[in-house]
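Ligands are counted one by one from 1 in listed order, and the atoms in each one are counted from 1 as well. Just so it is clear, the values below take in all heavy atoms, side chains as well, and ignore hydrogens, waters and symmetry mates. Predicted model, so just to flag it, every value in this text is computed and none were measured.
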Amino acid sequence: MNSQLTTEAIRAKLAELEARADPLEPDQATLREWSRLVSEFGIEFVGRLPETPAYSFNRGSKADGFPISEQPGSLPELLAQVDRQMLRLGLNPASGGHLGYIPGGGVTPSALGDFLAAITNQYAGVFFAGPGAVRMENDLIRWLCELVGYPESALGNLASGGSIANLIAFVTARDAREIDSQSIRRAVIYLTAQVHHCVHKAIRIGGLSEAIVRNIPLDERFRMRADLLAEQVGADLAAGLKPFLVVASAGTTDTGSIDPLAEIATICQREGLWLHVDAAYGGFFLLADDRDLEGRSIPERFAGISQADSIAIDPHKGLFLSYGLGAVLVRDVAALQRSHRYQANYMQDTLDAIEEPSPAELSPELTKHFRGLRMWLPLRLFGISPFRAALEEKLWLCRLFYQEIRERGFEVGPPPELSVCIYRYVPSTGEANEFNRRLVEAVHRDGRVFISSTTIAGQIWLRLAVLSFRTHQREIDYLLELLTQSVNDLVAEFAARVRP
Ligand SMILES: *Cc1c(COP(=O)(O)O)cnc(C)c1O
């Protein structure tokens, strides 16, 4: 410390620094212009979507990076760079032609909610600091709890996605069932080969990789065999093990299958196991009024979900919000708090304000993105009704595709329970896996629509996953025509190979 410094010298230095940092607060005219440029850019992007490919083979080059420098940039140039070096490469998740993985689309008011959340920088971690923001997030969670049929004791957290939602649930289950270093090697987790891979990731991150993981066999529709679960739990108990967690799926990623949740819940209640339902993809179909090809209603398909101890459900999938929002719901909020609540001396002022549980006590995060606005704004602006209609439309689109593709000579998987189905073409000459791999490539090369594939029991299947609010009959018809054309081309090519 230089004791020779006068107060005047310090003030002079501060004045100089303040002037240099001044660009961080642009004047109102500049801010207005920047906001206009960015929103125009976004509006034009959305306007172009019907003509924009869903997929481009182009990955760009390493030379087209995003270097940072001391020099200020110009916003129009930076937006042009985003367009050139980002939006035209790879997958376009905003496109209605996105029929691979699990799409969603990104309803535009979700972006406006993010703008509001970021520009006001509201703090939604602790009730004391952001009572309005925390109330909004908790009320959204309560609406989700109501949707799944949870009691008042339930609450949860708006996380970044389904992976983190599952992780929070497993950590909560681990602590609620008192799995520690003494019991971990006897602890048993039950799931199926069809759980999302993030379930295995969360098991490891949650410190549970030393537990025994049992793969319960599937029925012919890729659903957990509840009878075999009961048998396995019984055998494990008899062997002195500690069964503690069952992970069921309500909408698997590969085939959209829903495990028999009611039967599984009965087993879990009888034996004191924690039941987690991964409804990251399928959960929002609870908003739909629908009968599947066998006449089963939505409440019939999801029967038992309200008995789960925890549930993951992804608003950035089934509510069509922009990426970055998954939710975990826990039937007993005290269990969630037990795993995530800490106090710090520097936060002692926040202790008295306990009208609402704070998200910081219900998740690993402290300072976080205020995710509530990106969900609340679209829901309030549109009302729930168009969301219900869009979800029902997705179920119908999947059924349309399933019937049409079967009529065109494809082999199909089980009739869709939700909006995902699998299909493949079995050629009379040549290897089926190679044929189907080539078929996916042909669709990708075309790029108007995007599909993905999966491998089940060594066989390559193509997947249709309809969940973007922007997907309508037009996209499904285009895919059907493209597949038919591509099959014809490939059949000719395969036949030419075997000809002498
Ligand atoms: C998408 C998905 C996840 C993972 O969720 P993210 O939001 O991508 O992290 C987990 N489970 C299922 C069933 C999913 O479909």
Side-chain angles (χ1 to χ4, degrees), residues 91 93-94 98-106 110 144 148 156-171 173 189 191-206 215 218 221-224 245-261 264 275-286 301-302 305 308 310-329 363-365 368-369 371 374-375 391 394-395 398 416-422 450-454 456 463-468:
L91 182 61
H98 180 16
L99 304 166
Y101 313 121
I102 304 280
S110 185
L144 294 174
V148 301
N157 184 252
L158 295 182
S160 57
S163 302
I164 301 299
N166 282 332
L167 174 65
I168 292 173
F170 295 173
V171 166
I189 301 170
L191 40 73
T192 75
Q194 285 294 318
V195 293
H196 192 277
H197 74 272
C198 77
V199 164
H200 293 285
K201 192 169 166 181
I203 285 172
R204 188 169 67 203
I205 300 172
N215 261 309
L218 299 158
R221 297 200 174 180
F222 306 104
R223 298 176 298 207
M224 185 187 285
L245 172 64
V246 176
V247 183
S249 306
T252 58
T253 313
D254 267 357
T255 61
S257 305
I258 306 175
D259 288 330
L261 304 178
I264 294 170
L275 172 58
H276 175 71
V277 174
D278 182 357
Y281 151 62
F284 281 104
F285 286 106
L286 285 165
R301 274 172 270 176
F302 284 87
I305 194 169
S310 56
I311 297 169
I313 179 168
D314 263 6
H316 66 197
K317 290 178 178 168
L319 267 191
F320 322 121
L321 305 187
S322 314
Y323 287 155
L325 194 57
V328 58
L329 312 176
S363 88
E365 297 179 289
K368 67 182 194 99
H369 179 53
R371 302 185 179 104
R374 67 202 325 278
M375 176 169 170
L391 286 159
K394 304 312 126 184
L395 295 164
C398 187
E417 288 194 75
L418 295 173
S419 68
V420 177
C421 68
I422 53 169
F450 177 83
I451 57 168
S452 56
S453 66
T454 188
I456 298 177
R463 284 173 70 250
L464 175 83
V466 197
L467 198 60
S468 170

Charged N to carboxylate O below 4.0 Å: is that the case for Arg221 and Glu417? no
Which residues share a ring pair (Phe, Tyr, Trp, His ring centres under 6.0 Å) with His196, sequence neighbours left out: none
Under a 4.0 Å heavy-atom cut-off, what residues line ligand 1? Ile102, Gly161, Gly162, Ser163, Asn166, His196, Cys198, Gly251, Thr253, Asp278, Ala280, Tyr281, Asp314, His316, Lys317
Go through the structure and list residues passing ring pair (Phe, Tyr, Trp, His ring centres under 6.0 Å) with Phe222, not counting sequence neighbours. none
Side chain to side chain, Phe284 and Phe320, heavy atoms closer than 4.5 Å: no
Hey, does the side chain of Arg463 reach the backbone of Tyr101 with a donor-acceptor pair shorter than 3.5 angstrom? yes
Contacts of Phe170 meeting ring pair (Phe, Tyr, Trp, His ring centres under 6.0 Å) (sequence neighbours excluded), chain-then-number -> His276
